[in-house]
2 protein chains.
Amino acid sequence: MKKRDSIILTDAVESLQDIMQILSPTQQEELRHCMAIQTFKKNEALYQEGEVPQMLHCLIHGKVKIYKDGISGRTQIIRVIKPVEYFGYRAHFANQNYVTSAAAFETSTVCLIPIEMIEKWIMENSEFAMFFIKLLAIEVGNSDQRTVNLTQKHIRGRLAESLIFLRDNYGLEEDGATLSIYLSREDLANMSNMTTSNAIRTLSAFAQEKIIAIDGKKIKIIDGESLERISKIG
Amino acid sequence: MKKRDSIILTDAVESLQDIMQILSPTQQEELRHCMAIQTFKKNEALYQEGEVPQMLHCLIHGKVKIYKDGISGRTQIIRVIKPVEYFGYRAHFANQNYVTSAAAFETSTVCLIPIEMIEKWIMENSEFAMFFIKLLAIEVGNSDQRTVNLTQKHIRGRLAESLIFLRDNYGLEEDGATLSIYLSREDLANMSNMTTSNAIRTLSAFAQEKIIAIDGKKIKIIDGESLERISKIG
DNA sequence: CGCAAAACATGCTATATAGCAGAAAAAAGA
DNA sequence: TCTTTTTTCTGCTATATAGCATGTTTTGCG
């Protein structure tokens with residue numbers, strides 16, 4: 001058990017290369033001492049809307065969704081996380097409680113770092129500060145783009161876009177065509193701002209048009225160009 | 001002319017208090033030397049999607065919209081700026097060209113600061129860095145909330161929300177009821193993710209229900225509570 | 001393994017919102 | 001001031017998408 005933990009920790013430290021490189025030797029040492037590893041099962045919540053943000057999260061293994069529960073039981077998936085990405089720190093810097101929730105799509109390993117330490121290093125280390133400015137700046141741009149896509153594109157365009165995004169973000173399996181993430185129709189709907197029925201229907205339509213092939217939750221992209229075209233024209 | 005300019009400059013320096021306070025005396029001096037003032041007429045563009053970001057903008061007087069042109073001629077107003085707020089810097093830190101455009105709702109005075117100077121001061125001054133981390137962190141939260149509101153609320157809810165937002169952001173006139181910003185129905189529609197026709201129709205409906213009173217572009221909020229309720233339930 | 005629960009599929013209906021046309025009013029410009 | 005252009009308004013129609021019901025398949029669990 002002890003051995004297994006330390007292997008995971010070594011793993012984690014390796015994953016944190018991007019910020020490790022920026023930190024000073026002293027800060028690196030501090031990080032090694034304050035970080036913790038936690039594993040979440042499929043569908044388990046990492047944090048929930050309303051809670052006080054205390055940890056910066058860094059995804060080491062697995063897949064995570066960030067979502068908001070909205071009007072009348074509808075959920076919007078705001079962002080999906082892949083290794084190695086940072087999340088769960090924004091609310092702290094905005095002096096807010098979490099306004100989103102996070103849950104694991106599948107078994108996921110997360111490295112947790114106390115947010116006060118992050119803040120401390122930001123104040124000590126301007127490159128470290130710039131690292132987070134960059135992350136946030138990119139995120140604002142993505143969020144604005146998402147707003148326009150979700151509001152202006154039609155159902156087919158939105159679903160096509162989600163499929164393309166999943167391909168580009170999580171990649172494909174060895175066959176070079178099957179999405180390497182297996183989402184429920186509901187999750188796909190919640191990413192694409194539509195009802196589950198419509199996600200099912202539209203997915204079937206794409207399959208009938210030979211743009212994709214579906215085998216349960218497995219989705220194979222057959223005609224990526226058509227998908228791009230559908231996504232682009234809306 | 002020279003005198004008028006310097007009065008405006010003094011004005012601007014006063015408006016920049018929040019960042020002036022954070023900067024060191026040397027940096028303050030640098031800021032005074034590199035800043036410029038520019039005035040934009042109603043509907044004039046401050047910058048456009050695709051351009052290279054070179055200046056941080058700070059609105060001194062007036063009202064500005066940040067928007068994105070989307071599918072088939074539709075426009076989404078992403079954010080509206082009031083004095084004294086900073087904008088136009090995000091793209092630089094994300095290493096992108098502008099992905100949004102900015103234009104003046106009405107005659108507006110803007111203070112322009114070279115973005116390289118901002119970056120320099122961020123690297124020199126951790127409090128200054130933290131200032132921008134906070135701005136961006138708040139902006140990501142707003143953007144995520146906007147996504148859910150625009151996608152999940154119905155037309156009445158979205159318009160009600162826009163009206164409330166305009167009241168809270170730009171305030172009311174002396175009568176304590178009239179919005180102090182006069183927007184076209186089209187701008188109102190572009191804020192609320194609907195067609196101009198529907199903005200007009202829904203506005204008329206609100207007027208008929210005695211929730212607001214309309215006199216051309218003047219909008220008077222009569223029943224703020226109803227508006228809040230309509231906005232909340234979607 | 002067998003059962004219950006969840007997820008998926010399909011068809012039908014209801015409805016919110018877009019789109020368009022034509023007129024009136026307001027604003028801009030000459 | 002008169003003319004032209006833009007904006008606002010109203011009504012009608014078209015359509016995209018939600019909502020619901022029902023059956024089937026898959027998944028999870030005791």
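Below, chains carry the letters A, B, ... as their sequence lines are ordered, and counting in each starts from 1. Please read these numbers as outputs of a predicted model, since none were measured by experiment.
- Comparing B:Lys153 and B:Lys42, the nucleotide of DNA chain C nearest to each residue sits closer to the 5' end for B:Lys153.
- Side-chain atoms of A:Arg146 come within 3.5 Å of backbone atoms of A:Ile78 as a donor-acceptor pair (strictly under, hydrogens ignored).
- One interatomic measurement links the two molecules: CG of A:Asp215 to C1' of C:dC8, which rounds to 13 Å at whole-angstrom precision.
- Annotation: the span from A:Glu186 atom CD to A:Ile77 atom CD1 amounts to 8.5 Å, rounded to 0.5 Å.
- The stretch residues 190-205 of chain B touches DNA chain D through B:Ile200, B:Arg201, B:Ser204, each having a heavy atom within less than 4.0 Å of the strand.
- Distance, A:Leu188 CG to C:dC8 C1': 13 Å, rounded to whole Å.
- The outermost nucleotides of DNA chain D lying under 4.0 Å from heavy atoms of chain A, listed 5' to 3', are D:dT17 to D:dC20.
- Environment of NZ in A:Lys134: crowded, with over 12 heavy atoms of neighbouring residues, nucleotides or ligands closer than 6.0 Å.
- Side-chain polar atoms of A:Thr147 and A:Asp144 form no donor-acceptor pair below 3.5 angstrom.
- Taking atom NZ of residue A:Lys218 and atom P of nucleotide C:dC8, one finds them 15 Å apart after rounding to whole Å.
- Listed for the B:Arg185 side chain is no donor-acceptor partner under 3.5 Å among the backbone atoms of B:Ile200.
- Between A:His57 and A:Tyr47, the ring center distance clears the sub-6.0 Å criterion.
- Without hydrogens or angle criteria, B:Ser192 side chain to B:Leu188 main chain gives a donor-acceptor distance under 3.5 Å.
- Side-chain contact of B:Ser204 with B:Arg201: a donor-acceptor pair under 3.5 Å is absent, judged by distance alone.
- In this structure, the side chains of A:Asn149 and A:Asn193 stay at 4.5 Å or more apart for every pair of heavy atoms.
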- Could you go step by step and tell me if A:Asp175 and A:Thr178 meet the side-chain hydrogen bond (donor to acceptor under 3.5 Å, both in side chains) rule? CA-CA 7 Å; A:Asp175 66 0; A:Thr178 303; 2.5 Å; yes
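- The side-chain tip of B:Lys218 does not point at the ring of B:Tyr182 from less than 6.0 angstrom away and within 45° of straight on.
- Remark: B:Lys217 is not in phosphate contact with C:dA27, judged by side-chain N or O atoms under 4.0 Å from OP1 or OP2.
- Proximity of residues 155-162 of chain B to DNA chain C (heavy atom under 4.0 angstrom from any strand atom) is restricted to B:Ile155, B:Arg158.
- In this entry the distance linking NE2 of A:His154 with C1' of C:dG19 reads 11 Å, nearest Å.
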